[in-house]
**Student:** 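This is the structure I want to talk about, given as structure tokens.
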Amino acid sequence: MDTETSQPAIIEFIKVNKIYPPDVVALRDVSFSIKAGEMIFLTGISGAGKSTLLKLICAMEHPTKGLIDVQGRELSSITPAEMQLLRQKIGMAYQDFKLLPGLTVYQNIAMPMEVTYTPNRTIKDRINYLLDLLNLTDKKHIRAGKLSRGEQQRAALARAAANYPPILLADEPTGNLDQDNARLVMKLFDQLNRAGSTIIIATHDPLILRDYSAAQTLEIRQGELIKNDTLDN
Amino acid sequence: MKLSAILIQTVRNLRQTWGSQIMTLATVTLSVLIFSFFFLIFLNLKHAGIRLGDNIRLLVYLDHQPTAAAQAKIRSEIRSFGKVDKIVFKSSRDAFAQLKRQLGPDRDVLDDFDPEFLPPFIEVYPLRSLSSLSHINNFANFLATLPGAQKVQYGRGWIERLGYFTQLIRLILFLSGGLLVLTATFMVSSTIRLTVVSRRPELEIMRLIGASRSYIQAPLLLEGLLQGVLGSGLGIACLYLLFNWLQHHFNGPGLFKLLQLTFLPPAMTGAILSVSILLCTTGSIVSIRKSLRL
Ligand SMILES: Nc1ncnc2c1ncn2[C@@H]1O[C@H](COP(=O)(O)OP(=O)(O)OP(=O)(O)O)[C@@H](O)[C@H]1O
Ligand SMILES: [Mg+2]
């Protein structure tokens with residue numbers, strides 16, 4: 001569609017290389033661009049470099065070579081204050097969750113909203129909604145460290161989605177979930193996507209890939225992009 | 001950064017890490033207590049030295065009663081040598097009267113003596129300061145060279161000992177005081193650093209969700225400030241209790257009665273409090289900067 005191709009990319013990789021010291025090549029010459037409002041699946045076998053790619057987008061890791069643009073800003077030349085604002089617009093659900101075990105589910109999910117000074121009422125309503133959607137309401141005041149892995153995974157997703165982020169990155173979001181819970185998670189993504197969020201889901205969950213067989217995918221193998229059927233191409 | 005957000009975050013931090021918080025608090029309290037205790041001893045010794053000095057005088061025995069003109073000359077000579085509180089000339093008759101007073105009911109033994117058989121003398125009261133007391137030896141040697149002086153008398157032994165003692169105490173105090181300030185600063189800043197390190201995951205998440213520098217640092221800073229206020233306050237309070245206990249238990253006769261303990265003056269207490277608070281806050285800033293590398 002013409003209107004879509006004329007839209008600027010929200011995420012763009014230009015010949016990005018990532019080498020973990022001393023010499024682990026995680027990504028090699030990766031170039032792609034993603035437009036605002038798309039939902040992309042990032043696939044590839046274990047160790048292919050999916051997590052690395054997502055971490056580069058949220059600037060948790062930095063590229064060894066190449067350029068990364070997010071929301072029109074080149075990440076290596078961004079000021080700390082701009083980086084901070086940018087990060088508030090990216091929700092990331094980490095593969096290892098990164099929940100704070102000593103805080104309750106509620107407190108964990110509230111963190112990104114507190115950082116942006118969301119009023120308490122709004123925080124409460126949003127968390128109640130998310131917990132209800134993800135079937136976690138009864139764990140609201142349980143410490144995150146006491147949850148099962150599947151519950152932690154959903155809590156991490158709720159935290160990533162809390163602020164209606166323009167960009168949502170989900171690393172293996174259904175890895176620990178049964179089919180029913182996995183569908184709940186996908187429902188959350190669909191909702192956010194319809195509301196305008198750009199979503200990248202790293203996964204090798206065959207069930208999801210079957211449900212969304214028509215979706216756009218990026219596939220990497222040993223750090224190289226081997227398939228790109230995003231609308232751009 | 002909203003104040004309420006800082007407060008909420010700080011309370012949450014304190015609840016999360018109360019173990020190491022108590023450790024830091026104890027460290028601060030103990031350091032302040034030890035240091036201020038040493039300081040209290042030092043101050044009291046200094047006061048004691050001055051009070052003992054009240055009773056110190058040098059007696060210069062003369063071979064004859066000096067004339068008024070000679071007296072004035074002697075006065076100016078003494079004053080040009082060192083700082084003196086008071087110089088009093090006593091004639092032979094004064095000395096006789098004084099001896100009589102001292103003998104009290106036995107004064108009849110003096111009845112057969114010539115009221116001028118005692119030599120006239122000068123009473124010299126040195127200035128009551130530690131430094132002039134420690135130089136009393138030189139002073140006595142000088143007085144012996146005055147015209148007509150036969151003998152100079154004073155409580156040589158214990159004055160000298162007091163002088164050496166206070167000098168020694170002063171040296172020990174300066175050394176241990178310096179050592180204490182150093183160790184206290186080091187301990188406080190490393191305890192705070194431990195807290196910050198143990199909170200790395202939390203700080204990392206905060207950074208990743210786009211929390212501003214001040215949002216992350218303000219609660220930690222407030223925490224350092226609280227540690228400083230509570231720790232030094234507790235330390236001084238403990239010192240006060242200790243002081244009261246000492247006063248109660250050594251209130252009997254003897255050395256302590258003589259010393260009459262005094263507590264730290266308010267200005268000194270204030271200085272100790274504010275320096276500790278400053279150290280804690282700086283300690284937390286330094287360790288936050290070091291561990292966060294934002
Ligand atoms: N911090 C690191 N230091 C060194 N090597 C790393 C680091 N993180 C990842 N790697 C390596 O980089 C490569 C890509 O890792 P990555 O985590 O991106 O894979 P992945 O596609 O997410 O795998 P999985 O599906 O198992 O999560 C792997 O070979 C991995 O061992
Ligand atoms: Mg991964």
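Every chain is numbered from 1 and lettered A, B, ... according to where its sequence line falls, protein lines coming before strand lines.
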**Student:** Are the side chains of A/Gln84 and B/Arg213 in contact, using a 4.5 Å heavy-atom criterion?
**Tutor:**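 Counting from C-beta outward, B/Arg213 and A/Gln84 never come under 4.5 Å.
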**Student:** Which value, rounded to the nearest 0.5 Å, describes the distance between B/Met206 atom CE and A/Glu114 atom CD?
**Tutor:**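 It is 8.5 Å, given to the nearest 0.5 Å.
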**Student:** Would you give the length of the straight line joining atom CD1 of B/Ile205 to atom CZ of A/Arg159, rounded to the nearest 0.5 angstrom?
**Tutor:**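 Between atom CD1 of B/Ile205 and atom CZ of A/Arg159 there are 4.0 Å.
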**Student:** Is B/Tyr240 atom OH crowded by more than 12 heavy atoms from other residues, nucleotides or ligands, each under 6.0 Å away?
**Tutor:**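 No, because the 6.0 Å sphere around OH of B/Tyr240 holds 12 heavy atoms or fewer from other groups.
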**Student:** At under 4.5 Å between heavy atoms, what parts of residues 94-101 of chain A are in contact with chain B? List them by residue number.
**Tutor:**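 Near chain B, by residue number: A/Tyr94, A/Lys98, A/Leu100.
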**Student:** Sort and list the pairs that fulfil salt bridge (charged side-chain N to carboxylate O under 4.0 Å, His left out) and have at least one residue in residues 49-64 of chain A, not counting sequence neighbours.
**Tutor:**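 For residues 49-64 of chain A, and leaving out neighbouring residues, the salt bridge (charged side-chain N to carboxylate O under 4.0 Å, His left out) pairs sorted by first residue read A/Lys18-A/Glu61.
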**Student:** Considering only heavy atoms and a distance below 4.5 Å, find which of A/Ala81, A/Cys58, A/Pro112 pairs most often with chain B.
**Tutor:**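 Between A/Ala81, A/Cys58, A/Pro112, the count favours A/Pro112.
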